[in-house]
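Chain letters run A, B, ... following the sequence lines, proteins first, then strands; residues in each count from 1. Remember, it's a predicted structure, so these values are computed and weren't measured experimentally.
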Amino acid sequence: MPDVAETARTFLGMPVTRRRFVQWSAAAGGTAAAVGAAAHYGLLPADSASAAARAVAGDGAGEKVVWSACVVNCGSRCPLRLTVVDGQITRVDSDDTGDDELGSQQVRACVRGRSVRQRIYNPDRLKYPMRRVGKRGEAKFERITWDEAFDEIGSRLRRTLDDYGNEAVYLNYGTGTLGATVATSWPPAATGVARLMNTLGGYLNHYSDYSTCQITAAYPYHYGSWVSSNSFDDLVNSKLLVLWGNNPHETRMSGGGETFVTKKAKEMSDVKVVVIDPRYSDTSVSIGDEWIPLRPGTDTALVAALAHVMITEDLHDQDFLDTYCVGFDEAHLPDSATPGSSYRSYVLGIGPDRTAKTPEWAERITGVPAGTIVRLARDIALTKPCNITQGWGPQRHANGENTARAIFTLAAITGNIGIPGGGTGGREASYSMPTAGFPTLANPVETSISVFSWTDAVVRGPQMTALADGVRGKDKLDVPIKFIWQYAGNALINQHGDANKTHEILQDESLCETIVVIENHMTASARYADILLPDVTTSEQADLAQQGSAGNLGYLIFADQAIEPLYECRKVYDILTGVARAMGVEQEFTEGKTQEDWLREIVAASQELTPEIPDFDELREIGIFKKKNPDGPVVPLREFRDDPVANPLDTPSGKIEIYSERLQEISETWELPAGDHITALPEYFPTWEGAEDPLRSRFPLQCIGHHYKARTHSTYGNVEWLREAHPQDVWLNPTDARARGIAHGDTVHVFNDRGRIRTVARVTPRIAPGVVSVPQGAWYTPDKDGVDTGGCTNTLTSHRPSPLAKGNAQHTTLVEIEKA
Amino acid sequence: MGGQLGFYLDQNYCNGCKACQTACKDKNDLPLGVTWRRVVEYSGGTWANADETLAPNVFTYYTSVSCNHCEDPICVTVCPTGAMSKGEDGIVTVDPAKCVGCRYCEWACPYSAPQFDASAGVMSKCDLCADYLAEGKEPACVAACPSRVLKFGEIDELRAQYGDVAGVEPLPDPSITRPNLVLTPHRHAQRTGEGTGAIANPEEI
């Protein structure tokens with residue numbers, strides 16, 4: 001039995017004593033001596049101490065405090081109050097309203113929002129419009145004027161529309177300004193870019209998102225539509241919370257969002273928290289009572305074994321299953337189903353595979369000891385009510401659609417759906433105070449592709465079909481993607497799969513002919529632009545910031561303009577107006593309105609939906625408007641539970657479909673590559689690069705990429721304070737480190753046949769043996785030998801999509817690690 | 001000003017986010033390498049995986065720590081120039097005009113509170129946001145804490161409410177400097193001198 005504490009001591013030196021602490025701090029002091037003098041950014045006040053003194057003295061000499069916001073895609077949303085002295089932001093504070101109670105909480109910004117000054121005044125800021133002069137990815141550009149940029153984009157766009165039609169123009173995924181309104185970057189249909197393209201005949205749309213492809217695809221077949229689990233403020237009514245790959249303390253980190261809500265609810269109640277995750281997350285550290293690690297991608301097998309225990313010990317909720325579900329047992333299958341195709345038959349081994357899904361069977365696959373499975377099954381089945389809620393990591397796998405449905409099914413087997421204190425197996429709900437968005441007109445093009453398919457559509461668009469590639473709205477694509485808009489996003493390379501392969505595709509200018517990137521910084525994606533346009537940050541424009549997930553709190557933030565645009569940066573609305581002018585559609589695009597004109601209309605329209613929202617000028621003054629959910633905690637499917645006949649689901653049966661007739665039909669009609677499975681039941685099957693893939697003889701480690709405190713995806717990835725607080729690394733267990741001669745802090749290479757990254761080893765017992773994690777979102781930075789020195793997890797991931805969603809399976813990745 | 005001020009941390013719900021550290025750096029314009037407030041991760045435990053199953057007995061907890069404005073501030077004791085002092089308000093500060101940057105205080109302090117500012121050539125440290133206190137505001141780190149686990153106040157009141165524990169790994173024995181710090185220990189916390197784990201993020205502190 002390896003002793004991890006012993007191992008850790010070996011890596012770190014002597015046991016911890018006062019003296020060791022002193023020595024480490026001395027090392028930190030040495031770091032300061034090396035880099036401290038160069039740490040200030042040029043744009044900070046030359047004498048920040050005196051600026052701060054002025055701010056404190058409050059002498060009013062050019063000083064003001066302006067409400068702004070952090071609008072990135074973490075699932076939370078935070079207001080920021082920016083102190084501005086003589087036109088420069090000198091300090092960042094957060095919400096100073098509200099209290100520490102659920103529903104009226106102060107929305108305190110997390111570590112990232114706190115560092116926004118270094119994101120605004122960043123050496124990577126784009127300063128003026130540029131045209132590419134080197135190869136794509138080389139980041140060789142020449143400066144051009146805004147008029148030259150508009151003319152060139154206009155002529156290129158016109159040529160694409162004339163030669164290929166509107167289906168050849170694609171709006172790539174980007175969520176850097178997700179929470180903004182006029183300047184929002186996702187979903188594509190909500191953006192200014194969509195509004196512009198809609199005045200010109202439309203664009204090729206995408207469905208789903210890099211966060212949730214598989215669960216989004218699973219929902220319609222299982223529940224009829226997206227169904228969240230109970231909101232976390234409802235935990236005060238729960239006896240047990242099962243966080244299945246759900247990690248609010250590292251993903252939704254706002255001090256007004258789910259970090260605050262779960263901590264507060266845990267404190268207020270006696271709810272026990274079980275965390276199922278290959279990694280001992282910070283959610284486990286803070287609110288977890290028990291941690292159950294498993295091999296990535298084997299969740300469906302664990303669910304089946306839990307069900308086996310519940311069925312054989314008669315702990316399942318047969319009444320719920322009989323009343324509300326299709327396909328749990330043979331008596332509740334649709335007529336078309338063959339005998340033995342119920343979930344019960346699958347679990348007990350009387351279905352076609354004749355394999356009982358016993359705890360011993362699952363132990364071999366998942367790594368979870370059989371005894372633990374038995375105990376967990378009894379805990380979940382006997383502790384009522386229980387909220388089973390999955391995060392989106394478990395589904396971001398090669399079999400993620402079935403994983404999502406299996407966890408939904410566990411909630412049904414235990415009868416916890418639609419009741420206070422219970423849950424549906426989905427991710428947590430939260431109160432959504434209704435507000436209005438930016439009107440973007442209708443897209444005449446009805447074709448769409450999966451968010452993850454765009455590189456395929458660049459390479460072989462006309463070969464892509466509905467049955468083989470998930471093309472929607474049409475049987476097949478007629479043209480490849482020839483023109484890409486990338487606004488406030490890094491999925492052009494960094495957040496997409498297989499960065500090296502994406503690089504090759506983008507380098508071929510005969511494929512995609514034009515790439516326009518609108519950005520704040522020289523990101524990995526920006527390096528691939530043909531025309532690169534400098535966008536202002538949130539602090540340099542007025543906009544509305546929409547609420548994040550915050551339990552029973554709804555809110556709206558007026559993110560005002562704090563400072564003048566830096567350099568030649570422009571608002572995306574003004575940039576698109578310039579392109580519209582070049583294309584002859586300026587009036588259609590703007591309707592003669594400025595950004596503030598639109599904001600006034602959107603506030604007025606929001607008041608129609610939520611009358612308590614104050615008028616524009618008052619909202620601007622108060623900065624944040626909050627409203628507590630008047631209906632109490634969100635309990636999805638409550639009406640269905642109360643009366644399933646009067647409130648049927650949007651499935652063919654009106655019930656929860658554990659067996660989906662439509663998925664059975666899809667499994668018989670879709671064209672799938674060898675090894676891919678779509679099944680009517682949420683069955684386990686081994687996948688490419690999964691826990692059971694023979695490829696593990698060459699690449700033995702399963703690589704996941706957890707969401708990291710230093711970044712929201714790739715946003716904030718170039719902020720020094722955050723790199724200092726949370727440096728990029730790869731997590732690996734001491735057992736795996738020792739086998740490779742790797743010590744904590746060693747520089748290592750993580751690699752497979754697709755790529756190689758260089759990063760630092762974080763040797764920690766907090767991750768399961770056989771599993772490593774490269775926190776996702778670090779910026780792809782290949783050196784001359786092709787080694788990614790930025791440590792981007794997508795240098796290692798694949799383009800291969802999942803079967804049903806055609807989505808990104810970025811946590812299904814095998815690698816090996818060696819000392820650099 | 002009333003009695004001696006100090007900090008309180010509920011380790012149970014600290015998730016190591018470092019909003020406190022970053023709010024401090026923003027408020028005080030601190031360069032890289034100078035972190036008046038830091039967050040230490042302490043981890044340990046074992047894996048019983050001889051049979052290829054995953055059976056962990058692992059623990060982790062975080063401790064956010066800054067200057068504790070100690071009753072026996074060893075930094076003041078060792079300072080050869082009188083630059084380091086404990087004021088009438090109990091706040092330990094450094095006078096940059098008197099500091100010669102010899103770094104004895106940095107070496108002596110078991111909490112690594114005084115930190116060398118290379119650009120100025122002198123020591124720097126937490127002053128409990130004395131300017132904010134004068135305005136009736138909370139210190140930046142306390143106001144920033146998303147989980148509301150970091151608090152400050154008169155140490156007598158904090159101890160009356162939360163007890164007097166300050167000797168939790170990996171912090172030093174509180175008898176050395178008598179810190180004005182109170183912890184609610186994490187459910188997995190180990191007492192100073194009795195720890196089985198190790199600091200997991202030495203490079204971050």
Side-chain angles (χ1 to χ4, degrees), chain A residues 1-5 8-9 12 16 18 21-22 24-26 28-29 31-33 35-37 39-40 44 48 52 56 91-92 100 108 110-111 114-115 117 249 253-255 259-260 263 280 282 285-286 291 293-294 363 367-369 709 720-721 724-727 735 745 764-766 768-769, chain B residues 12-19 21-23 25-27 29 31-35 43-50 52-56 58 60-62 103 106-107 110 112 115-119 131 135 143-148 169-170 172-173 176 195-200 202-205:
Chain A
M1 181 184 301
D3 180 342
V4 169
R9 276 204 287 273
L12 296 173
V16 177
R18 175 191 158 223
F21 201 77
V22 169
W24 283 318
S25 61
T31 309
V35 302
H40 280 286
L44 282 174
S48 56
V56 169
R91 180 108 2 120
V92 179
D100 294 346
R108 295 187 177 185
C110 85
V111 61
R114 286 277 167 186
S115 73
R117 195 154 56 113
H249 285 238
M253 287 174 66
S254 167
T259 286
F260 169 81
K263 179 261 180 179
Y280 192 71
D282 286 330
V285 172
S286 54
W291 173 41
L294 79 174
E363 174 184 293
V368 183
K709 295 178 280 190
E720 293 292 352
W721 279 341
E724 177 187 43
H726 301 295
T735 304
T764 171
R766 295 179 58 181
Chain B
N12 276 300
Y13 297 113
C14 177
N15 63 356
C17 73
K18 303 192 183 181
Q21 170 179 317
T22 304
K25 298 196 72 146
D26 177 68
K27 193 257 181 182
D29 293 312
L32 289 185
V34 178
T35 46
S43 292
T46 57
W47 282 80
N49 57 338
E52 298 290 305
T53 62
L54 306 175
V58 168
T60 288
Y61 60 89
Y62 293 101
R103 304 174 74 165
E106 176 186 337
W107 181 87
S112 321
Q115 303 214 344
F116 187 63
D117 181 347
S119 60
D131 51 349
E135 295 176 63
C145 180
S147 293
R148 279 72 158 175
E169 289 283 11
D173 188 326
I176 299 169
T196 62
I199 291 178
E203 60 287 335
E204 297 171 22
I205 57 173

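In this structure, the side chains of A/Ser286 and B/Ser147 stay at 4.5 Å or more apart for every pair of heavy atoms. Contact annotation: the side chain of A/Arg114 never approaches that of B/Lys18 to less than 4.5 Å [non-hydrogen atoms, C-beta and beyond].
Nearest heavy-atom pair, B/Ser43 versus A/Arg766, reported as atom, atom and distance to 0.1 Å: OG-CD, 3.9 Å. Minimum interatomic distance between B/Asp26 and A/Trp721 (heavy atoms only, all atoms of both residues): CA-CH2, 3.5 Å. The two residues B/Pro146 and A/Cys110 make their nearest non-hydrogen contact at CG-CA, 4.4 Å. Considering every non-hydrogen atom in both B/Cys17 and A/His726, the closest pair reads O-NE2, 2.9 Å. Looking at every heavy atom in both residues, B/Trp47 comes nearest to A/Ala768 through CH2-CA, 3.5 Å.
B/Lys25 contributes no side-chain N or O that, together with a main-chain N or O of A/Ser115, makes up a donor-acceptor pair within less than 3.5 Å. Not a single donor-acceptor pair under 3.5 Å links the side chain of B/Glu204 to the backbone N or O of A/Pro727. B/Arg148 contributes a side-chain N or O that, together with a main-chain N or O of A/Gly255, makes up a donor-acceptor pair within less than 3.5 Å.
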Quiz prompt | Check against side-chain contact (heavy atoms from CB on, under 4.5 Å), B/Thr35 and A/Glu724 | solution = CA-CA 10 Å; B/Thr35 46; A/Glu724 177 187 43; 3.9 Å; yes
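With chain B as the partner, the residue from A/Lys263, A/Met253, A/Lys709 showing the most heavy-atom pairs under 4.5 Å is A/Lys263. Contact count against chain A (heavy-atom pairs under 4.5 Å) is highest for B/Thr60 among B/Asn12, B/Thr60, B/Thr22. Ranked by heavy-atom pairs under 4.5 Å with chain A, the first of B/Tyr62, B/Tyr13, B/Tyr61 is B/Tyr13.
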